[in-house]
There are 2 protein chains.
Amino acid sequence: MPPSRPTIADVAQRAGVSIATVSRVLNGTAPVDTETAERVRSAIAALNYVPHAAARTLASRRTDTIGLLLPEISGAFFQPMLRGVEAGVSEAGFDLLIHTTQSRPENAPRRPLGEHNTDGLLVFTESLDAKELTRLYTIGFPVVLLHQAPPNSLNIPVVTIENQSGAQKIVEHLIEVHNCHRIVFLQGPEGHEDSTWREKGYRLALKAHGLTFDPSLVARGAFNRDEARATMEQMLLDGVEFDAVFAGDDDAAVGVYLALRQAGRRIPEDVAVAGFDDQVFASTLTPALTTVRAPTEQVGRDAVHLLARLLKGEQAEPRLVLPTELVIRESCGCRG
Amino acid sequence: MPPSRPTIADVAQRAGVSIATVSRVLNGTAPVDTETAERVRSAIAALNYVPHAAARTLASRRTDTIGLLLPEISGAFFQPMLRGVEAGVSEAGFDLLIHTTQSRPENAPRRPLGEHNTDGLLVFTESLDAKELTRLYTIGFPVVLLHQAPPNSLNIPVVTIENQSGAQKIVEHLIEVHNCHRIVFLQGPEGHEDSTWREKGYRLALKAHGLTFDPSLVARGAFNRDEARATMEQMLLDGVEFDAVFAGDDDAAVGVYLALRQAGRRIPEDVAVAGFDDQVFASTLTPALTTVRAPTEQVGRDAVHLLARLLKGEQAEPRLVLPTELVIRESCGCRG
DNA sequence: GCGTTTTCTGAAAGCGCTTACATAGTATAG
DNA sequence: CTATACTATGTAAGCGCTTTCAGAAAACGC
């Protein structure tokens, strides 16, 4: 057995002080004589002492940890968000505990992240049910929602993006600049809030230009390459006529590319394509994808800061909506 | 203040037993009468009781958590690895604590992951220095290395992939099938082990076909799109002649694509390009990228299982090398 | 100088669990 | 029917910290 790690008592003994004093030096919670503090610090260094996180948590009732709940950790969309969360968390001096809800086996622990192991939670759309969210709210546990409005209009802060206006702008671009009239819209997963807003934007754009909404042009892309591809193939098979596709998000746009290419339809000559998010790969597709830039990294970062403020007991704005921005590339027909 | 969460004592009282019995029901560490156990379980359900992780850790000296140390969490390369690690961790019944070493601010905690908050560590190349690795080894703390051999030939288990033979195979494909003679090799980041092995494979392939190694064809791509692009542009500017590029990895291959395209060189007609890893985007590039499939997800999963075995005190193989596989697409000139 | 505040330090009580150890009851063996 | 062995449960001692409380020492005010 290896020599067990030094405890605060070892440090105290070596420095000739009580453990309370060591704790004070460690946390700066009370004035300590300069020389004493120095002795403690050198004892810490000599022993290679690191405080035991669990003991600390138990005694102080703080975990110094923020929990992040999301559907999946891989997936290009979550990369910038994770980067933002990570940066925010480390700036704010917390640790990060990540939990993904997809692909969880049956025997999953009942409540993997919560008051027992984090000080606060970041919750992405669909990764925690309304019941648990309500429970957390009623016990006053700090939560910040990402890309999702609170259920039952609870007063839980939200960070999200301008979905509707972004979608409207890009659809209007297709209409105004490229004279598209029959624009397919691929919805996101069932009940996905981002998708709902984007569809509203899509409809508003049509309306603003006197185009009637055609339900046969709307189908599910599920924000997913393969599903979008299958949907697209089906539409082609069904002989649905269209001159543009607003894919809902960039992942779906890739599926659209694949389906159209296979069917021999040229982008953008035969069909203009637009995405949403501006994920990393968007610019390297051929043709480069016209899309809406979502400040996903900033969402992550802002959410953490908002949560951090909540944890300090400060007041925080209940809703943060970050602006999106049109990114014109080639797939719509510009610079074709 | 919200009503504080129930403790084991509350459960014990409600079930009319001692806290020890509750603990036994919770952990199954000793026989408990069926009926008593049932009473305890319903008390737990009624109170919505969840054991306090920190208290548990403190008392049992186990964290049930595995730590993962890597340079960055975003980046397409790490996605499959994370997926594998995640899956493995949840299969093995552990929690996952992730820590990234890049972009850490100055005031970073001295040792964010270690014996004090995890039972064992998964360490990706370059994310922990030899000194700390040695320290962990000497105190007998379980560690599994990913894509990296242990320093000072310590006996630390490793999970990695067949870099050398994979690289050799793809370079030989360029030589044998496409008759390439002047093949550029873009190295990974300074000191990156994967890169070292790939370079060896590159040299072996040349040698096996009687081609002499030309140092002017080797430059740094850093496994990074932008850096590879810049390097490539410089080579074009310098007038270096070549008929193929083995980009080191897929990210660098994208940079190569961009640089070549801008310079008006066609892929694969003028220059054949090959990558390594077979990241998600490889098949959707135009032309589709010929590369070497690295079983990155499997690496993550296997590493966790290896670590889990170590944690159980079982013996584990000291080195796991997963096979790579040639993936021929269009960028080399096949099915052009 | 003497009371009063301020600064520093230590003793000790938990935080919510796990886990020897002890004990009582119940089988099983001879 | 007594000796032996389980089985089921409780008691209590920590795990390594933080934090309250109190006290000693030093500094201050007048």
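Letters A, B, ... mirror the listed sequences (proteins, then strands); counts begin at 1.
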Interatomic distance where CG belongs to A/D64 and P belongs to D/dC17 [whole Å]: 15 Å
Check every atom of C/dT18, C/dG10, D/dT18 against the side chain of A/S18 and return the nucleotide holding the closest atom. C/dG10
Please report the distance, rounded to the nearest Å, between CD1 in B/I8 and C1' in C/dT19. 12 Å
Generate the contact string for nucleotides 23-28 of chain C. Rules: B means base contact, S means sugar-phosphate contact only, - means no protein heavy atom under 4.0 Å. ------
Measure the shortest side-chain to side-chain distance between B/L122 and B/V304 over non-hydrogen atoms and say whether it is less than 4.5 angstrom. yes
Rounded to whole Å, the CG-C1' distance (A/D33 to D/dA24) equals 14 Å
Can you see if the side chain of B/S23 gets near the phosphate of C/dT18 - specifically, an N or O under 4.0 Å from OP1 or OP2? yes
What's the CG-P distance between A/N27 and D/dT20, to the nearest Å? 12 Å
Between protein and nucleic acid, restricted to nucleotides 13-15 of chain C and to nitrogen or oxygen atoms under 3.5 Å apart, what atom pairs and distances do you find?
from, atom 1, to, atom 2, distance (Å)
C/dC15, O2, A/L58, O, 3.4
C/dC15, O2, A/A59, N, 3.2

Taking the side chain as C-beta and beyond, is there a heavy-atom pair between B/N155 and B/P318 under 4.5 Å? yes
Say you draw a straight line from NE2 of B/H147 to CG of B/D194; how long is it, rounded to the nearest 0.5 Å? 5.5 Å
Could I get the full list of side-chain hydrogen bond (donor to acceptor under 3.5 Å, both in side chains) partners for A/R24, not counting sequence neighbours? none
Check B/D10, B/I8, B/L26 against B/I44 for a side-chain contact (heavy atoms from CB on, under 4.5 Å) and give me the one that passes. B/L26
How would you label the contact of B/T36 with the nucleic acid (heavy atoms, under 4.0 Å): base, sugar-phosphate, or nothing? sugar-phosphate
Test: A/D129 and A/K131 ion pair at under 4.0 Å: no
D/dG16 C1' sits how many Å from A/R5 CZ, rounded? 9 Å
Give me, pair by pair, the N or O atoms of the protein and of nucleotides 4-7 of chain C that are less than 3.5 Å apart, along with how far apart they are.
none

Terminal axis angle for the helix from C/dG1-D/dC30 to C/dG30-D/dC1, five pairs an end, nearest 10 degrees: 30°
Listed nucleotide nearest any side-chain atom of A/H52, set C/dG16, C/dT9, D/dG16: D/dG16
Could you go through nucleotides 20-22 of chain C and list every protein N or O atom that sits under 3.5 Å from one of its N or O atoms, giving the distance for each pair?
from, atom 1, to, atom 2, distance (Å)
C/dA20, N6, B/R24, NH2, 3.2

Looking at every non-hydrogen atom in both residues, tell me the closest pair between B/A37 and B/V25 and how far apart they are. CA-CG2, 4.0 Å
Side-chain heavy-atom pair B/L320, B/V158 within 4.5 angstrom cut-off: no
Exercise: do B/D119 and B/T63 side chains pair donor with acceptor under 3.5 Å: yes
Euclidean distance, atom CD of residue B/E38 to atom P of D/dA8 [Å, nearest integer]: 15 Å
Kindly indicate whether the side chain of B/V89, heavy atoms from C-beta on, has any atom under 4.5 Å from the side chain of B/D95. no
Side-chain contact, heavy-atom cut-off 4.5 Å: B/I98 with A/L96? no
For B/H192, is there any backbone N or O sitting under 3.5 Å from a side-chain donor or acceptor partner on B/T196? yes
From CZ of A/R56 over to P of D/dT19, roughly how many Å is that when rounded to an integer? 10 Å
Between A/V22 and A/A12, what is the shortest heavy-atom contact and its length? CG2-CA, 3.6 Å
Parallel, tilted or perpendicular: ring planes of B/F124 versus B/F78, cut at 30 and 60 degrees: perpendicular
Most 5' of B/A37 and A/P51 on DNA chain D, judged by nearest nucleotide: B/A37
Quick one, A/T160 and A/Q148 - any side-chain contact, counting heavy atoms below 4.5 Å? no
Counting only N and O atoms by type, is there a donor-acceptor contact under 3.5 Å from the side chain of A/R309 to the main-chain atoms of A/A316? no
Salt bridge flag under 4.0 Å for residues A/R301 and A/E86: no
